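First comes the structure, then the notes that go with it.
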Number of protein chains: 4
Amino acid sequence: MARITASAKATVRERLLAAAARHFARDGLKSASVDAISLDAGFAKGTLYNYFPSKEHLFAEVLTEGCRRAIQRYSAAQQGGSVRERLTALAAADVTVVREDEGFQQVLVREALAFREETYPLIVEHLSPFLRTVEEILADGVRTKEIRHDRPDQELALMFMGILTLLYVQYWGSRGQWPDLDSIPELVVTTFLDGAAVR
Amino acid sequence: MARITASAKATVRERLLAAAARHFARDGLKSASVDAISLDAGFAKGTLYNYFPSKEHLFAEVLTEGCRRAIQRYSAAQQGGSVRERLTALAAADVTVVREDEGFQQVLVREALAFREETYPLIVEHLSPFLRTVEEILADGVRTKEIRHDRPDQELALMFMGILTLLYVQYWGSRGQWPDLDSIPELVVTTFLDGAAVR
Amino acid sequence: MARITASAKATVRERLLAAAARHFARDGLKSASVDAISLDAGFAKGTLYNYFPSKEHLFAEVLTEGCRRAIQRYSAAQQGGSVRERLTALAAADVTVVREDEGFQQVLVREALAFREETYPLIVEHLSPFLRTVEEILADGVRTKEIRHDRPDQELALMFMGILTLLYVQYWGSRGQWPDLDSIPELVVTTFLDGAAVR
Amino acid sequence: MARITASAKATVRERLLAAAARHFARDGLKSASVDAISLDAGFAKGTLYNYFPSKEHLFAEVLTEGCRRAIQRYSAAQQGGSVRERLTALAAADVTVVREDEGFQQVLVREALAFREETYPLIVEHLSPFLRTVEEILADGVRTKEIRHDRPDQELALMFMGILTLLYVQYWGSRGQWPDLDSIPELVVTTFLDGAAVR
DNA sequence: CATGAATGAGAATTCATTCAT
DNA sequence: AATGAATGAATTCTCATTCAT
């Protein structure tokens, strides 16, 4: 089966990555089995090693690929409108990505919440553009007096992303019971902006 | 007075559990080593099996023990005062517990965020008393018009607990950089009640 | 099976080493199977790893143990007598060791002839006392005019050891046809001292 | 004139054999990699299997080819002159072959010293013409009283070849420190004929 | 009870070999 | 004829668990 086209190779690679994402999302790095991943992708176990030198490298590639795809999250953020509108749009873009790449994004979220030495830099690299986008929106909001200025933008941005992450976890954990993906953008924004207190 | 019993010589079982909590918190269920746990507790590895039938049982016991200890979280909640005061007190009590039993609480949080089939019931069992306490406070708040009534108490309570958990994760992940434990009660309450928007 | 006596542990270790020596002698480092060695020694495959951290370490230990036992080779050399008598005695002592530890000595000889980077230092360490003993005998012989002085002692000593090694290899290769072990001491000495030419 | 054909463009098979000889000489049968051999020869790994059915067959072919080339060793032996002169000429011819085909000859020597069942017949087949040539020279020498008659010609011939082999091993092992190739013919003859004893 | 040596199922990884292109 | 992707048997090594002492 030699002389396969470059695109065919890329397809195999993608199938392996996708299977790996599913397994890592469900089982974590340690518990996921290389054999099972390969088999799940439709190949014998040896095949995986023609594409990735080790389980750890495969995991890193899943993370990287997840990040690469997630770039759309923040690049889709629109420029104009109120802070509420822009944050909602950002969250909506994010939800779209998550819906399409559930495995990858689960792995990202799991790693983000685990804070492991080995993957921390990768995760930070992935999160920071998203965070910066949020910070910019918030900074604009402070200027327009939409956002309170008694808490640092960075901390607020972290909270926004945290609440969003939280809702994903809740979504995955409840198997879609509550919340569902579609309601997440509004939920995260109202939670973040308005709080629970009566005004 | 509690201090007297607490300082009493730890039983073998408790030492094993504490060591297990530390290791599970750091390494997770799969990566933690039975051998290392036993050794860390000051025993040979065989000893552990005189107290727990398997690694999985040990993990479950750590979870259970963590829950048992965490009961103080919500039982310490005071009855009177404003919603803000009561939620702050509840969070403060929670922080106290976390500070004392960091390993156990990390394991709980990690499991809570992973939503694994095997441990889900245990986690829910642990969370529900806490959640119900929050719900009660919020229900009181709705009655006193301190809390908005356009969102179900249950969902709001979940968000409160989620934000609290988030701050713990952020605390552990940043190695105490931000936030520190002491600032968490106020942070969670203001985030939850007030939101980021200017009023 | 805990609380085994120290001597029982040593026995297990020795059985593993002996089995390893047999297998390494026959198959070499790469082809020998850790599982087969453990099984051959009468243990399950995992047991070997309670005594040696890796196949390479095991191999090194076999080499080291072979060297340790081979110390008798040269320490048994008598002081007095003619060069011929002393060399014969040295070779005879060597043959005795080889007869008792055939596996170990085969591994040593194989490694000595392979000159691999990894084991070269160990081999040299093992050979040098033997070589020095030969050199001393030869130096005495030069003084007493028994040995020709037109070739460096070191090179002559290397040749002596080489011829001895050669005879072992020939013995193992011919499966004892020629030479047999008993005839080796005289053979090596007459080959080394007298040469094939008529005088 | 031989040089013309020799410098002719090597066929694929010959390039593969040459690469294989290099790798087998360095790494041995087991550790050498089919992949690396093919690549080293300038082909993809599949190509090798168009010429040799298996790694073992390839190894056997390297051995056979080494033997075929080594025929010059003994065929170059001159007829006239003293035993010393004839043996020196034989060794010199041998050294020339070794110098040109180092990889092949290293594989041969390694195998000769390992005495493995699988390759023993091949090795013997290769050695016997060389041995017979030596035996003939020695038999002539016995007749002319140049060679002692108290030891069988066959054993003496084996020792001569053994000492020669030994010097090659020592040359390879010391990376040319001692002896160098040029000095080997005289060394082997003087060691073999004269011995170390003063006459 | 505590111990820790022995166990062996299981996991990651290697690599000679096959075969479609 | 050359290629190199796919294969899967084989191998090393890990570690939870057992159990004799």
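Note that these values count all heavy atoms, side chains included, but never hydrogens, waters or copies made by symmetry. Since we're looking at a predicted model, the values are computed, not measured. Per chain, numbering begins at 1; letters A, B, ... match sequence-line order.
- Remark: the backbone N or O of D:G103 is not paired with any side-chain donor or acceptor of D:R22 at under 3.5 angstrom.
- Of the two residues near DNA chain F, B:S54 and A:V12, the one whose nearest nucleotide lies more 5' is A:V12.
- Nucleotide F:dA5 holds its P atom 15 Å from the CZ atom of A:R15, rounded to whole Å.
- A:L58 places its CG atom 15 Å from the C1' atom of E:dA11, with the value rounded to the nearest Å.
- In this structure, the CG atom of C:L39 is 15 Å from the C1' atom of F:dT12, given to the nearest Å.
- If you take OG on B:S31 and CG on A:L29, they are separated by 7.0 Å, rounding to the nearest 0.5 Å.
- Of the residues in residues 43-52 of chain D, D:F43, D:A44, D:K45, D:G46, D:T47, D:N50, D:Y51 come within less than 4.0 Å of DNA chain F through at least one heavy atom, sorted by number.
- For the pair D:C67 and D:L108, the tightest heavy-atom approach, listed with the atom from each and the gap, is SG-CD2, 3.8 Å.
- Between the C:S38 side chain and the C:V34 main chain, no donor and acceptor come within less than 3.5 Å of each other.
- Taking the six-membered ring for Trp and thresholds of 30 and 60 degrees, B:F24 and B:F59 have ring planes more than 60 degrees apart, a perpendicular arrangement.
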The dot-bracket string of DNA chain F, counting Watson-Crick and G-U wobble pairs with both distances under 3.5 Å, using [ ] for crossing pairs and | for pairs to another strand, is .||||||||||||||||||||
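- Contact check of residues 17-34 of chain B against DNA chain F (heavy atom, cut-off under 4.0 Å) returns B:A32, B:S33, B:V34.
- Taking the nucleotide of DNA chain E with the nearest heavy atom to each of D:E56 and C:G42, the more 5' of the two is matched to C:G42.
- The cationic group of C:K9 lies under 6.0 Å from the six-membered ring centre of C:Y51 and within 45° of the ring axis, placing it in a cation-pi geometry.
- The backbone N or O of B:L122 sits nowhere less than 3.5 Å from a side-chain atom of B:T119 that would complete a donor-acceptor pair.
- Side chain of D:R110 to backbone of C:A114: no donor-acceptor contact under 3.5 angstrom is found.
- Side chain of D:K30 to main chain of C:A32: no donor-acceptor pair is present (N/O by atom type, distance under 3.5 Å, no hydrogens or angles).
- Summarising the geometry, the separation between NZ on B:K55 and C1' on F:dT18 is reported as 17 Å, rounded to the nearest angstrom.
- When the side-chain nitrogen and oxygen atoms of C:K9 are compared with OP1 and OP2 of E:dA5, one or more of them lie within a distance under 4.0 Å.
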Requested in this report: Test side-chain contact (heavy atoms from CB on, under 4.5 Å) on C:R69 and C:E100 and set out the steps.
Outcome: CA-CA 10 Å; C:R69 296 182 185 201; C:E100 282 171 9; over 6 Å; no
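- In this structure, D:D35 atom CG and E:dT18 atom P are separated by 15 Å, rounded to whole Å.
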### Message
Go through it in stages, so that I can follow the logic: the residues are B:N50 and B:V12, the test is side-chain contact (heavy atoms from CB on, under 4.5 Å), and I'd like the CA-CA distance, side-chain angles, deciding distance and then a yes or no.
### Response
CA-CA 10 Å; B:N50 293 329; B:V12 175; over 6 Å; no
